[in-house]
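Let me begin by presenting the structure, written as structure tokens, before commenting on it.
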There are 2 protein chains.
Amino acid sequence: MTDQKIKNMEDFASVSGISRPTLSKYFNDPASVRVSTKAKIEAALEQYDYRPNFYAMNQNRRLTRNIGIVVPYLADPFFAEIARNIENLVIRAGYRPILLSSHGDPNQEIENLALLRDIKPSGILFAPLGRSSNVVALREYTAEFPMVLFDCNVEALNLPFLGHNNIQATDIMVDYLVRTGEPPVFFEMKYPSNPNANKRRLSYIQSMERLRLEPKVYSVEGTGWNFEEIGYEQGLKLIAQRKLVSGTVLFSNDRLAIGFLSAAYEMGLRVGRGSGCALRVAGHDNHPYSRFTCPALTTVSHDYDSIASSSIERLLDLLENRESHNGPRERLFDGKLVMRESA
Amino acid sequence: MTDQKIKNMEDFASVSGISRPTLSKYFNDPASVRVSTKAKIEAALEQYDYRPNFYAMNQNRRLTRNIGIVVPYLADPFFAEIARNIENLVIRAGYRPILLSSHGDPNQEIENLALLRDIKPSGILFAPLGRSSNVVALREYTAEFPMVLFDCNVEALNLPFLGHNNIQATDIMVDYLVRTGEPPVFFEMKYPSNPNANKRRLSYIQSMERLRLEPKVYSVEGTGWNFEEIGYEQGLKLIAQRKLVSGTVLFSNDRLAIGFLSAAYEMGLRVGRGSGCALRVAGHDNHPYSRFTCPALTTVSHDYDSIASSSIERLLDLLENRESHNGPRERLFDGKLVMRESA
DNA sequence: CTAAAAATATTACGCGCGTAAACTTTTTAT
DNA sequence: ATAAAAAGTTTACGCGCGTAATATTTTTAG
């Protein structure tokens with residue numbers, strides 16, 4: 001490695017003996033230049049280890065081949081998981097993923113789209129915050145580049161959407177709980193951050209009514225994304241006040257259930273499906289941590305893989321004009337019951 | 001809002017009646033232009049909602065005022081937490097945070113620094129992967145911009161470092177455990193992803209020897225970042241084989257402990273400090289989830305706030321030439337014992 | 001070996017914006 | 001009101017790279 005400073009493609013052109021336009025071609029697609037020049041360039045790269053400025057590259061390219069990924073809250077292992085999944089698939093498809101998290105903040109969500117616009121992405125895979133999203137501001141961006149929604153739909157944007165079948169998933173869980181014991185009550189946040197919550201509540205009520213059972217919903221206080229804390233605090237309260245009308249509790253999501261399990265343990269309530277147990281607890285999402293709760297959490301898993309791969313496929317269809325526009329605008333994937341020890 | 005397309009500052013100059021250089025000044029610092037022009041610009045902004053391209057801005061600026069933040073694994077709530085903390089402080093200091101995660105991958109770590117270089121950051125706050133980091137490659141970047149390490153030091157880079165006092169923190173925990181019951185054994189990964197693990201093991205051994213007690217370390221198999229899984233699997237094995245020589249287990253970090261708690265629960269071992277308990281379990285980190293384990297996990301917390309604020313302060317010192325170069329290169333912050341129910 | 005085809009070199013301009021210099025207008029001080 | 005100071009305008013060039021057009025070289029076909 002020579003210590004000469006290569007600060008741009010011009011410099012690298014000098015030392016490598018290749019013209020800058022040809023270098024530009026090479027960096028855009030190494031296979032587009034003659035093998036002998038490719039070899040010369042790569043030999044020079046070994047010596048001087050130059051690499052083009054990523055943002056300058058995108059500034060005036062026709063096709064950038066990078067794909068933005070926006071998730072609502074990367075600190076949530078659930079999204080961390082699916083984001084990694086999608087990133088890998090994007091790479092495999094020959095594109096470059098740019099992952100951004102909205103940190104649960106609608107302003108950050110808009111900011112993320114603005115930042116992505118500035119690098120002229122080929123397309124965007126977008127999991128919106130949902131009810132707190134600034135729909136008016138979002139609409140400004142939907143016309144600028146191909147965009148596919150996943151995880152959470154925003155109907156008003158009228159975009160392709162790939163997601164989890166909350167109706168079916170909740171229904172299968174209710175069915176299981178009723179078959180194996182006392183019918184469940186439903187526990188959710190009154191003002192849920194995640195819009196899927198509403199569908200789950202509605203589905204719970206429907207399923208119960210279909211089974212000629214009385215639905216009972218606990219909509220607890222608390223806002224934000226500290227779901228465990230809310231499950232814990234409100235769980236303590238419900239248990240202490242003996243307000244639970246059933247020994248089986250279905251939670252709107254796993255994180256609430258995790259908090260609740262902690263409260264139940266603290267109050268000395270034994271959770272599980274055994275005979276000595278006072279309470280059955282079930283979640284929704286198959287959160288990465290749900291395997292490690294005490295007891296392990298019975299829940300419904302999303303079809304991660306299908307959602308991730310279909311989202312990308314759908315976006316590529318748009319990008320590469322495979323005119324599958326006639327396909328359904330929305331596609332849902334069924335959840336699977338994950339039977340563990342808590343219910 | 002007019003529907004005219006404003007695609008760049010030139011366009012916006014036309015419609016706003018302000019020259020482009022003045023606009024440039026305004027966007028760099030709104031207070032740097034006359035109040036009357038500021039008003040005119042902002043009135044035009046209301047109408048046309050233009051905003052400068054972030055990356056083009058940084059391309060030829062002397063002082064970009066953006067600060068890169070690189071963390072090893074954002075999916076870990078621990079880093080998610082501290083990253084959010086740092087982001088806010090950076091904003092408050094008048095800079096712009098650019099957060100990137102290495103996803104536990106040394107190549108991604110280098111890639112992140114390369115991407116940051118391309119936007120010419122004023123400085124970088126960097127939490128390295130540690131033992132798996134590509135030190136040779138990292139060194140290339142340390143000369144290019146001011147850089148401060150946090151969470152995990154890489155001695156070879158010889159950079160300012162702000163971190164957790166693993167020695168003190170482990171010592172205080174060992175002390176507590178010995179005072180309150182059976183002396184602890186130590187549980188860690190044989191090839192830990194996190195380099196702090198080594199210091200913790202050494203400190204455990206030292207503390208035990210100082211107390212004239214026999215240290216006992218379990219270095220279990222398993223690699224990667226799925227700590228809970230490793231704690232769970234290896235925990236099951238240790239318990240089943242009755243290999244634990246003490247009823248008190250100190251874990252290298254909370255995530256391992258979380259997995260172990262799950263194993264203990266499954267095996268019917270009651271964990272806690274009460275009389276009917278078979279096992280005491282203690283962790284390290286005060287992981288966001290450690291409050292919600294069953295029982296709640298006794299652990300040692302990092303001084304998040306101090307580490308975050310000092311890291312930024314240190315970086316700003318470098319940036320603004322406050323010549324505090326004579327300060328100590330490394331600064332450690334003591335942990336605090338968090339006494340919960342597990343030990 | 002020669003002509004056609006393919007690849008590279010040269011030149012020039014564009015992307016969106018920062019910034020410096022020279023000049024003009026507006027504001028502030030006297 | 002007038003001069004000095006401050007702010008704005010014009011003009012020009014730079015950042016690092018994409019890309020088109022033309023000229024030149026290299027490769028392949030015959």
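Labels below follow one simple rule: chain letters A, B, ... track the order of the sequence lines, proteins then strands, and each chain is numbered from 1.
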Reading DNA chain D from 5' onward, which residue's closest nucleotide shows up sooner: B:Lys120 or B:Lys25? B:Lys25
Spacing between A:Asp118 atom CG and C:dC17 atom P, to the nearest angstrom: 8 Å
Which whole-number value in Å describes the distance from B:Gln59 CD to C:dG14 P? 17 Å
A:Ser36 near the nucleic acid: base, sugar-phosphate alone, or nothing, with a heavy-atom cut-off under 4.0 Å? nothing
Between C:dC17, D:dT19, C:dT8, which one does the side chain of A:Val33 approach most closely? C:dT8
Is the phosphate of C:dT8 approached by A:Arg20 (side-chain N or O, under 4.0 Å from OP1 or OP2)? no
Is the distance from the ring center of B:Tyr304 to that of B:Phe333 below 6.0 Å? no
Side-chain N,O (B:Asn8) to OP1/OP2 (C:dG16) below 4.0 Å: yes
Whole angstrom value for the distance that separates C1' of D:dA12 from CD of B:Glu10: 13 Å
Report the residue (A:Met57 or B:Thr22) whose heavy-atom-nearest nucleotide on DNA chain D is the more 5′ of the two. B:Thr22
Going by distance alone, is a donor N or O of one side chain under 3.5 Å from an acceptor N or O of the other, for B:Glu330 and B:Asn153? yes
Let me know the distance between CD1 of B:Ile119 and C1' of D:dC17, rounded to the nearest Å. 17 Å
Using only side-chain N and O atoms of B:Ser24, determine if any of them is under 4.0 Å from OP1 or OP2 of C:dG18. yes
Any salt bridge between A:Arg96 and B:Glu111, counting N to O under 4.0 Å? yes
Please state how far atom OH in A:Tyr55 lies from atom C1' in C:dG18, giving the value in whole angstrom units. 19 Å
For atom CG of B:Leu23 and atom P of C:dT19, their distance in whole Å: 14 Å
Please tell me if A:Ser19 has a side-chain N or O lying less than 4.0 Å from either OP1 or OP2 of C:dT8. no
So with a 6.0 Å cut-off around CZ of B:Arg117, is the heavy-atom count from everything else above 12? yes
In whole Å, what is the span from the CZ atom of B:Arg61 to the C1' atom of D:dG16? 17 Å
Would you classify A:Tyr50 as touching base, sugar-phosphate or nothing, given that sugar-phosphate means primed atoms plus P, OP1 and OP2, and contacts are heavy atoms under 4.0 Å? sugar-phosphate
Classify the angle between the aromatic ring planes of B:Phe12 and B:Tyr50 as parallel (below 30°), tilted (30 to 60°) or perpendicular (above 60°). parallel
B:Arg34 or B:Asn60, whichever maps to the more 5' nucleotide of DNA chain C: B:Asn60
Atom CG of A:Asp29 to atom P of D:dT19: distance rounded to whole Å? 12 Å
